[in-house]
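Let me begin by presenting the structure, written as structure tokens, before commenting on it.
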Amino acid sequence: MTQQQLDRVTRAAEDLGAQIVGQALDRAFGRFASPRRSSRRSGFGIDINFSYRSEPFYPVPLPGIDEEKLIRIRTCAGCSLRYAVFGEHRFCPVCGRLPAMVVAMDALGAETTRLDGLAQLPAQVAASLREQGVFTRLWVDTLENLVSVVETLGSAVFRDAVQDAEQRLNGKGNIFQRLDHTAVLFVDAGYPDLRTVVAPACWQRLVEFRAARHVFTHNDGLVDAKYLAKVPASMAKVGQRLTITEDVCRQAITDTDALCHALTALTTP
């Protein structure tokens, strides 16, 4: 329920309450209504007069609702509730926390929508933002977010499937940020090797975009030896500024989608 909806239903409840109270008072004291009066003498020799006047209820129009157009509408797979999303999609209003795969897919959709929004900017605005490095920063953010999506999903899948998951994960830090280590973790738990489930070309691209993300996050975008070791086909040299493009981000989203589906399939009978 949005704040505007809450304000509207609250006003309706207050008006109903006022009418219920008014009707109860009318029933209790209606016999004292003007012009009739009730007079009686108290035990102290003082006359006490009672009078009552019923006030008509004039409702004020309920607050209107003027909200954003519903753009993202979802249907919960658990309870079939249809609801709108105005931010990050994590919960169903009825069921609560959503399955990790649903959250991951919605997050990937949000990244695609952000890239689409950049593409729709007026040419002059886009040029100004590009010159100031805004596009590059947003593209780097996309790569970072994709790593977070996989980390969250991988952790949820592993913990749901492996009985002694906490013991196996103890002391391994952010293991789900590291592709090869994630693959080995599942193999040691008795599941197929991600590196053979995902297509080789896709796996290599995943390694490369994560290496690019690492360069921007930890080395200010400057190519280092670790990057070249992960991306041996790169023509860049140590110390050069790494370039990133929208096409790279869109391919990374596509490959991350494939990785997410592969992750969930590992533990599915």
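- A donor-acceptor pair shorter than 3.5 Å cannot be found between the side chains of D15 and Q19.
- Within the structure, every pair that satisfies the ring pair (Phe, Tyr, Trp, His ring centres under 6.0 Å) test and touches residues 137-185, not counting sequence neighbours, is listed here: F135-W139, F158-F186.
- Side-chain contact between L115 and I253 is present, with heavy atoms from C-beta onward closer than 4.5 Å.
- We find the CZ-OG distance between F29 and S54 to be 12.5 Å, quoted to the nearest 0.5 Å.
- Counting only heavy atoms from C-beta outward, the side chains of T136 and I244 approach each other to under 4.5 Å.
- V187 and L263 fall into different hydrophobic clusters, where Ile, Leu, Val, Met, Phe, Trp and Tyr side chains are chained together by heavy-atom contacts under 4.5 Å.
- Note that the OG1 atom of T2 and the CD1 atom of I65 stand 6.0 Å from one another [nearest 0.5 Å].
- Between D106 and R74 there is a salt bridge, with a side-chain nitrogen of the basic residue lying less than 4.0 Å from a carboxylate oxygen of the acidic one.
- A single hydrophobic cluster is not seen to contain both V150 and V184; linkage of ILVMFWY side chains at heavy-atom distances under 4.5 Å, directly or through other members, places them apart.
- The cluster map of Ile, Leu, Val, Met, Phe, Trp and Tyr, joined by side-chain heavy atoms under 4.5 Å apart, puts L146 and L138 in the same cluster.
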side-chain contact (heavy atoms from CB on, under 4.5 Å) between D180 and W203, intermediate numbers included: CA-CA 10 Å; D180 286 322; W203 184 266; 3.7 Å; yes
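- V157 is connected to I175 through a chain of hydrophobic side-chain contacts under 4.5 Å among Ile, Leu, Val, Met, Phe, Trp and Tyr, so both are in one cluster.
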Test log, rule side chain to side chain donor-acceptor pair (under 3.5 Å), inputs D116 and Q120: CA-CA 6 Å; D116 292 342; Q120 295 171 8; 6.0 Å; no
After noting the C-alpha distance and the side-chain angles of L266 and L194, does the key distance pass the side-chain contact (heavy atoms from CB on, under 4.5 Å) rule? CA-CA 8 Å; L266 285 181; L194 262 178; 3.6 Å; yes
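- With no hydrogens or angles considered, no side-chain donor-acceptor pair links T182 and R178 at under 3.5 Å.
- Side-chain contact between K230 and R210: absent, with no pair of heavy atoms (C-beta onward) separated by less than 4.5 Å.
- Nearest heavy-atom pair, Q4 versus D66, reported as atom, atom and distance to 0.1 Å: OE1-N, 2.7 Å.
- Centroid-to-centroid, the aromatic rings of Y83 and H89 come within less than 6.0 Å.
- We find that R168 and E166 are not joined by a salt bridge, their nearest charged nitrogen and carboxylate oxygen being 4.0 Å or further apart.
- Side chains of E208 and Q204 form a contact here, defined as non-hydrogen atoms less than 4.5 Å apart.
- Considering CD of E111 and CG of N145, their distance stands at 4.0 Å, rounded to 0.5 Å.
- Sorted by first and then second residue, the side-chain hydrogen bond (donor to acceptor under 3.5 Å, both in side chains) pairs involving residues 252-261 (not counting sequence neighbours) are R205-D255, Q251-D255, D257-H261.
- Residues T112 and R250 have side chains in contact (heavy-atom distance under 4.5 Å, counting atoms from C-beta outward).
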Please tabulate, for the side chains in residues 231-240, all donor-acceptor contacts under 3.5 angstrom to protein atoms that are two or more places apart in sequence or on a different chain.
unit_1 : atom_1 : unit_2 : atom_2 : d
S234   : OG     : A236   : N      : 3.1
Q240   : OE1    : K237   : N      : 2.9

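- Contact annotation: the side chain of M105 approaches that of C260 to within less than 4.5 Å [non-hydrogen atoms, C-beta and beyond].
- A salt bridge does not link D224 with K226: every distance from a Lys NZ or Arg NE/NH1/NH2 to an Asp or Glu carboxylate oxygen is 4.0 Å or more.
- D141 and R137 are joined by a salt bridge, as a carboxylate oxygen and a charged side-chain nitrogen come within less than 4.0 angstrom of each other.
- When side chains are defined from C-beta on, E144 counts as touching T217, because their heavy atoms get closer than 4.5 Å.
- Here the side chains of I73 and V85 are not in contact, with every heavy-atom distance at 4.5 Å or above.
- The hydrophobic clustering, which links ILVMFWY residues whose side-chain heavy atoms are closer than 4.5 Å, places F91 and L81 apart.
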